[in-house]
Amino acid sequence: MIRQHIADILQNTQPGETATICGWVRTRRDSKQGFSFVEINDGSCMKNLQVVIDADVEGYHEHLKDLTTGASVRITGEVKDSPGQGQRVEMQAGNFEVLGLADAETYPLQKKRHSFEFLREIAHLRPRTNTFGAIARVRNAAAHAIHTFFFFFGFLYVQTIFITCSECEGGGSMFQDTTLDLARLAEMKTQLDWSQDFFGKPASLTVSGQLEAETFATSLGPCYTFGPTFRAENSNTTRHLAEFWMVEPEVPFIDLQENMQLAEEFVRGVVSHILTHCADDMEFFNQRIDNTVLEVLHNITQHDFIRVPYTEAIQILADSGQEFEYPIEWGRDLQSEHERFLTEQHFKQPIIVYDYPRSIKPFYMRVNDDGRTVRAMDVLVPRVGEIIGGSQREERLDVLTARMEECGLNPGDYWWYLDLRRYGTVPHAGFGLGLERLIQLVTGMVNIRDCIPFARTPKNAAF
RNA sequence: UCCCCUGUAGCUCAACGGUAGAGCGAGCGGCUGUUAACCGCUAGGUUGUAGGUUCGAAUCCUACCGGGGGAGCCA
């Protein structure tokens, strides 16, 4: 008999039908009167299926004790109306088979709440909990929504490189990638000879797919990349990972305003998709994790993001009368406390800050006519902060070259990137969205380390 | 990287210079169409590591290691 998913049984199966399920025991309640309740979860949804096993079922007396929390089972039985509270239907077991035992004395997950700190230490088992099952399903829905959104609007999905030899963002923040025998080289105390390395020169893991995406956007039209990125920054916060997933659309023939429009519709589209496809999981997050989550998400789907030029944002902060740790001064970047004030207290909703001072932004952002600002934009959301960073790209060869030099970069290293301006240059724009920060926003989870299956942070790569 | 907090039973915590406790979980028993089930009993700890102060250290001091929060950097 073919296994059915519990989500399907709970929703669609009618009383009287027979079904087979496979999954893991969440909890068992025995009655000495001659039957037991066993709750089975198979990950297909938040809810468990309650299975009633009568004492006359084969193997009851010998094997019922093996149905401990965490044990894996296959059960076939008849679906029935449930006389109890809490579920539409339940299963009356015809037979059950224990596939894998889980020693109750040593199995780390208990029938009670665990701290997220503890669960991080058992990252290989935490997907078996309600919270991490829900996060995994929401993350999956988000990934699906991302591809669906871009497919619908005719974007090309481009798979960009993970290993790069361009030192785009400065070597300090990149993970070096080498096949040299470093231990032996250290013993020999000789000069490093990069020509002996795999690529014949230093290579690193990518920190962004943007530059490569631009080559496709300026050839084939709207495109996007979606994959892991790596930052070797020693960041120890609730919103930073050394390895995280980023969505980076890049679109030719649009300006910053249209880029903001795209970013807004993109976030709205993904959030709507999750709300409709993960209703049970979202209800769980709203009840158990953060009771403002649904309100915030509905706000996103129903209201436009407020767009505020950087200069105006600075003015709002200066006029707020708030005491800030960091000074408010035109030319300084917005600090976390400033972003939080704007999104959580002043506007109380997502905002887009744009036209930042050129001195605090990278070389590839298009310089405005005022000469002192660039067409950059950040989407800031309550609680999480910056969820998207993007810009219109500098399409003028002379300005771009000058900006590289201004930023201390050698234009020669970016010859292929400059070729995109040298031959048939076009105005274009794009942005990057951190997937895990989106998951933080959507689920209400406080720590980004709980928003990715296996978190990579400084001094931590246990799984 | 900087600042603050923290490390005690499987988990969550108490004990605040004088022999280490509770709740939950687990084991056993009882009860029950139960659903965070309930009731009783039992087992379980060189107090992160290494030094130091003291008659005496989980408790005070130092270093190291781990965890958390905040900041910077950013997505």
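Naming convention: chains lettered A, B, ... in sequence-line order (proteins, then strands); numbering from 1 in each chain.
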Report task. Output, in order, the C-alpha distance, side-chain angles, deciding distance and verdict of side chain to side chain contact (heavy atoms under 4.5 Å, CB included) for A:F363 and A:E406. Result -> CA-CA 8 Å; A:F363 70 91; A:E406 187 180 313; over 6 Å; no
Requested in this report: Check the pair A:Y157 / A:H147 against ring pair (Phe, Tyr, Trp, His ring centres under 6.0 Å), numbers first and verdict last.
Outcome: CA-CA 8 Å; A:Y157 172 35; A:H147 286 300; 4.9 Å; yes
Query raised in the report: Can A:F150 and A:F226 be said to form a ring pair (Phe, Tyr, Trp, His ring centres under 6.0 Å), step by step?
Result: CA-CA 11 Å; A:F150 287 126; A:F226 183 22; 8.9 Å; no
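No contact: A:N130 has no heavy atom under 4.0 Å from any strand. No contact: A:T69 has no heavy atom under 4.0 Å from any strand. Within 4.0 Å of A:S36, counting heavy atoms only, lies no atom of the nucleic acid at all. Using a 4.0 Å heavy-atom distance criterion, A:R449 is classed as a sugar-phosphate-only contact. The residue A:D378 sits apart from the nucleic acid: no heavy atom pair falls under 4.0 Å. At a threshold of 4.0 angstrom between heavy atoms, the contacts of A:E39 include nucleobase atoms, whether or not backbone atoms are also involved. Counting non-hydrogen atoms under 4.0 angstrom, A:R340 reaches the backbone sugars and phosphates but no base. Within the 4.0 angstrom heavy-atom criterion, base atoms lie near A:Q87. In this structure, A:T106 reaches neither bases nor backbone, as no heavy-atom distance under 4.0 Å exists between it and the strands shown. Residue-level contact check: A:G84 touches the bases, meaning some heavy atom is under 4.0 Å from a base atom.
You'll find the side chain of A:R393 reaches within 4.5 Å of the side chain of A:Q210, heavy atoms only.
Figure legend: cation-pi geometry between A:R268 and A:F305, with NZ or CZ positioned under 6.0 Å from the six-membered ring centre and within 45° of its axis.
Listed nucleotides B:A37, B:A71, B:G33 differ in distance to A:E90; the shortest reach to its side chain belongs to B:G33. Side chain of A:H240, nearest nucleotide from B:G70, B:C73, B:G33: B:C73. In this structure, of B:G33, B:A37, B:A75, it is B:A75 that holds the atom nearest to the side chain of A:L241. When distances run from any side-chain atom of A:Q50 to the nucleotides B:U35, B:C74, B:C73, the shortest one goes to B:U35. Picking from B:G68, B:C74, B:G33 the nucleotide with the shortest atom distance to the side chain of A:F35 gives B:G33. In this structure, of B:G33, B:G27, B:G72, it is B:G33 that holds the atom nearest to the side chain of A:Q92. Checked against B:A75, B:A37, B:A71, the side chain of A:K111 finds its nearest nucleotide in B:A37. When the nucleotides B:A75, B:A37, B:G67 are ranked by their closest atom to the side chain of A:E117, B:G67 comes out on top.
The local environment of CZ in A:R88 is crowded, with over 12 non-hydrogen atoms from other residues, nucleotides or ligands closer than 6.0 Å. Within a 6.0 Å sphere centred on NE2 of A:H114, other residues, nucleotides and ligands contribute more than 12 heavy atoms.
When rounded to the nearest whole Å, the span between CD of A:E386 and P of B:G72 equals 12 Å. Atom CG in A:N48 sits roughly 18 Å away from atom P in B:U34 (whole-Å rounding). One atom, CD1 of A:I360, and another, P of B:C74, lie 9 Å apart when rounded to the nearest Å. Look at CD1 on A:I448: it is 16 Å from P on B:C74, rounded to the nearest Å. Between A:R239 atom CZ and B:G68 atom P the separation is 15 Å, expressed in whole Å. At whole-Å resolution of the value, CD in A:E121 and C1' in B:G66 are 9 Å apart. The nearest whole Å value for the distance from the CD atom in A:E325 to the C1' atom in B:G69 is 14 Å. Rounded to a whole Å, the CG atom of A:D30 is 13 Å from the C1' atom of B:U35.
Defined by atom type and a distance below 3.5 Å, a donor-acceptor pair is missing between the side-chain atoms of A:N447 and A:T238. The closest side-chain donor-acceptor pair between A:Q257 and A:R307 falls under 3.5 angstrom.
At a cut-off of 3.5 angstrom, the base of B:C74 holds at least one donor-acceptor pair with the side chain of A:R437. Residue-to-nucleotide contacts include a donor-acceptor pair under 3.5 Å from the side chain of A:S235 to the base of B:C73.
Look at A:R120 and you'll find a side-chain N or O under 4.0 angstrom from OP1 or OP2 of B:G68. In terms of phosphate contacts, A:T238 brings a side-chain nitrogen or oxygen within less than 4.0 Å of OP1 or OP2 of B:G70.
Closest-nucleotide positions on RNA chain B for A:K80 and A:N236 were compared, and the one nearer the 5' end corresponds to A:N236. Judged by closest nucleotide on RNA chain B, A:S82 is the one of A:G389 and A:S82 placed further toward the 5' end.
How far CD1 of A:I9 is from CD of A:E90: 12.5 Å, rounded to the nearest 0.5 Å. The distance from atom CD1 of A:I122 to atom CZ of A:F463, rounded to the nearest 0.5 Å, is 8.0 Å.
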Report task. Toss me the dot-bracket line for RNA chain B: Watson-Crick and G-U wobble, both under 3.5 Å, 5' to 3', using | for pairs to another strand and [ ] for crossers. Result -> (((((((..((((....[..)))).(((((.......))))).....(((((..]....))))))))))))....
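With A:D54 contributing its side chain and A:D56 its backbone, the two residues share no donor-acceptor pair below 3.5 Å.
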Query raised in the report: What string of B, S and - do you get for nucleotides 5-10 of chain B, 5' to 3', if B is base contact, S is sugar-phosphate-only contact and - is no contact with any protein heavy atom under 4.0 Å?
Result: -----B
